[in-house]
Enquirer: 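Sending over a structure as C-alpha coordinates; questions will come in a sec.
Values below: every heavy atom of this structure, side chains too, minus hydrogens, waters and symmetry copies. Model, not experiment: these values are computed from the prediction.
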Amino acid sequence: MSTVLSNFETWKHFLHDRVDQAKGMGLNEDTIANLAYEIGSFLGEKVDPKNEQERAIKELWDVGDEQERKTIAGLMVKLVQSS
(Lines give C-alpha, C1' and ligand atoms only; values in the text may rest on other atoms or scores of the structure.)
Protein backbone atom coordinates (compact mmCIF):
# COMPACT_ATOMS: atom_id res chain seq x y z
CA MET A 1 0.00 0.00 0.00
CA SER A 2 2.82 2.43 0.77
CA THR A 3 4.00 2.21 -2.87
CA VAL A 4 0.54 3.21 -4.07
CA LEU A 5 0.40 6.07 -1.59
CA SER A 6 3.86 7.48 -2.35
CA ASN A 7 2.63 9.36 -5.44
CA PHE A 8 -0.76 11.09 -5.58
CA GLU A 9 -1.31 10.31 -9.27
CA THR A 10 -0.59 6.63 -8.59
CA TRP A 11 -3.09 6.71 -5.72
CA LYS A 12 -5.74 8.29 -7.95
CA HIS A 13 -5.21 5.61 -10.62
CA PHE A 14 -5.38 2.88 -7.97
CA LEU A 15 -8.61 4.32 -6.55
CA HIS A 16 -10.05 4.74 -10.04
CA ASP A 17 -9.42 1.05 -10.76
CA ARG A 18 -11.08 0.04 -7.45
CA VAL A 19 -14.13 2.21 -8.22
CA ASP A 20 -14.41 0.60 -11.66
CA GLN A 21 -14.20 -2.85 -10.06
CA ALA A 22 -16.93 -1.94 -7.57
CA LYS A 23 -19.17 -0.71 -10.37
CA GLY A 24 -18.46 -3.91 -12.30
CA MET A 25 -19.66 -5.86 -9.27
CA GLY A 26 -22.93 -3.92 -9.39
CA LEU A 27 -22.32 -1.64 -6.39
CA ASN A 28 -24.21 1.64 -6.53
CA GLU A 29 -22.76 5.13 -6.01
CA ASP A 30 -23.88 5.35 -2.37
CA THR A 31 -22.24 2.03 -1.50
CA ILE A 32 -19.03 3.07 -3.26
CA ALA A 33 -19.04 6.40 -1.39
CA ASN A 34 -19.54 4.55 1.91
CA LEU A 35 -16.63 2.25 1.11
CA ALA A 36 -14.50 5.28 0.27
CA TYR A 37 -15.43 6.76 3.65
CA GLU A 38 -14.35 3.55 5.42
CA ILE A 39 -11.06 3.53 3.50
CA GLY A 40 -10.55 7.20 4.34
CA SER A 41 -11.15 6.48 8.01
CA PHE A 42 -8.59 3.69 7.96
CA LEU A 43 -6.01 5.79 6.14
CA GLY A 44 -6.64 8.75 8.44
CA GLU A 45 -5.98 6.65 11.52
CA LYS A 46 -3.26 4.27 10.34
CA VAL A 47 -1.28 5.76 7.47
CA ASP A 48 1.04 8.75 7.46
CA PRO A 49 0.53 10.89 4.34
CA LYS A 50 3.33 10.43 1.82
CA ASN A 51 2.98 13.68 -0.15
CA GLU A 52 1.58 17.21 0.02
CA GLN A 53 -1.79 16.33 -1.51
CA GLU A 54 -2.41 13.50 0.94
CA ARG A 55 -1.30 15.73 3.83
CA ALA A 56 -3.84 18.39 2.80
CA ILE A 57 -6.63 15.81 2.52
CA LYS A 58 -5.69 14.35 5.92
CA GLU A 59 -5.75 17.78 7.55
CA LEU A 60 -9.23 18.41 6.12
CA TRP A 61 -10.30 14.91 7.23
CA ASP A 62 -9.01 15.51 10.76
CA VAL A 63 -10.96 18.75 11.25
CA GLY A 64 -14.13 17.50 9.57
CA ASP A 65 -17.11 15.94 11.26
CA GLU A 66 -18.61 12.67 10.00
CA GLN A 67 -20.75 14.34 7.32
CA GLU A 68 -17.85 16.44 6.07
CA ARG A 69 -15.65 13.35 5.92
CA LYS A 70 -18.31 11.57 3.88
CA THR A 71 -18.30 14.56 1.55
CA ILE A 72 -14.51 14.35 1.19
CA ALA A 73 -14.76 10.62 0.44
CA GLY A 74 -17.49 11.22 -2.13
CA LEU A 75 -15.44 13.97 -3.75
CA MET A 76 -12.42 11.68 -3.98
CA VAL A 77 -14.55 9.10 -5.79
CA LYS A 78 -15.89 11.81 -8.09
CA LEU A 79 -12.36 13.08 -8.73
CA VAL A 80 -11.03 9.71 -9.85
CA GLN A 81 -14.09 9.01 -11.99
CA SER A 82 -13.49 12.21 -13.91
CA SER A 83 -9.87 11.41 -14.71
Enquirer: Under the side chain to side chain contact (heavy atoms under 4.5 Å, CB included) rule, collect the residues that match up with Ala73, sequence neighbours excluded.
Expert: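 Expected list: Ala36, Tyr37, Trp61.
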Enquirer: Could you note down all residue pairs passing salt bridge (charged side-chain N to carboxylate O under 4.0 Å, His left out) where residues 21-43 supplies at least one of them, sequence neighbours left out?
Expert: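 Residue pairs passing salt bridge (charged side-chain N to carboxylate O under 4.0 Å, His left out), neighbours aside: Lys23-Glu29.
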Enquirer: Can you name the residues that form a side chain to side chain contact (heavy atoms under 4.5 Å, CB included) with Thr71, not counting sequence neighbours?
Expert: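 Result, side chain to side chain contact (heavy atoms under 4.5 Å, CB included) vs Thr71: Gln67, Leu75.
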Enquirer: Would Thr31 and Asn34 count as a side chain to side chain contact (heavy atoms under 4.5 Å, CB included) if you check the C-alpha gap in whole Å, the side-chain angles of each, and the deciding distance to 0.1 Å?
Expert: CA-CA 5 Å; Thr31 302; Asn34 286 334; 5.6 Å; no
Enquirer: Any pair with a residue in residues 63-73 that passes salt bridge (charged side-chain N to carboxylate O under 4.0 Å, His left out), sequence neighbours left out, goes on the list, sorted by first then second residue, please.
Expert: Glu66-Lys70
Enquirer: Does the side chain of Ile39 come within less than 4.5 Å of Leu43's, by heavy atoms?
Expert: yes
Enquirer: According to the salt bridge (charged side-chain N to carboxylate O under 4.0 Å, His left out) rule, which pairs have a member within residues 5-20, sequence neighbours left out?
Expert: Glu9-Lys12
Enquirer: Using the test side chain to side chain contact (heavy atoms under 4.5 Å, CB included), find all partners of Asn51 that sit at least two apart in sequence or belong to another chain.
Expert: Phe8, Gln53, Glu54
Enquirer: According to salt bridge (charged side-chain N to carboxylate O under 4.0 Å, His left out), does anything in residues 39-48 pair up with another residue at least two apart or in another chain? List the pairs.
Expert: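 For residues 39-48: Asp48-Arg55.
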Enquirer: List the residues meeting side chain to side chain contact (heavy atoms under 4.5 Å, CB included) with Leu60, not counting sequence neighbours, and say none if there are none.
Expert: Ile72
Enquirer: Output, in order, the C-alpha distance, side-chain angles, deciding distance and verdict of side chain to side chain contact (heavy atoms under 4.5 Å, CB included) for Ile57 and Met76.
Expert: CA-CA 10 Å; Ile57 293 168; Met76 285 299 298; 3.7 Å; yes
Enquirer: Determine the minimum heavy-atom distance between Ile32 and Leu27, stating which atoms define it.
Expert: CD1-O, 3.8 Å
Enquirer: Can you tell me if Gln21 has over 12 outside heavy atoms packed within less than 6.0 Å of its CD?
Expert: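 It does: Gln21 CD has more than 12 such atoms within range.
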Enquirer: Stepwise, does the side chain to side chain contact (heavy atoms under 4.5 Å, CB included) test hold for Phe42 with Val47?
Expert: CA-CA 8 Å; Phe42 173 81; Val47 178; 4.2 Å; yes
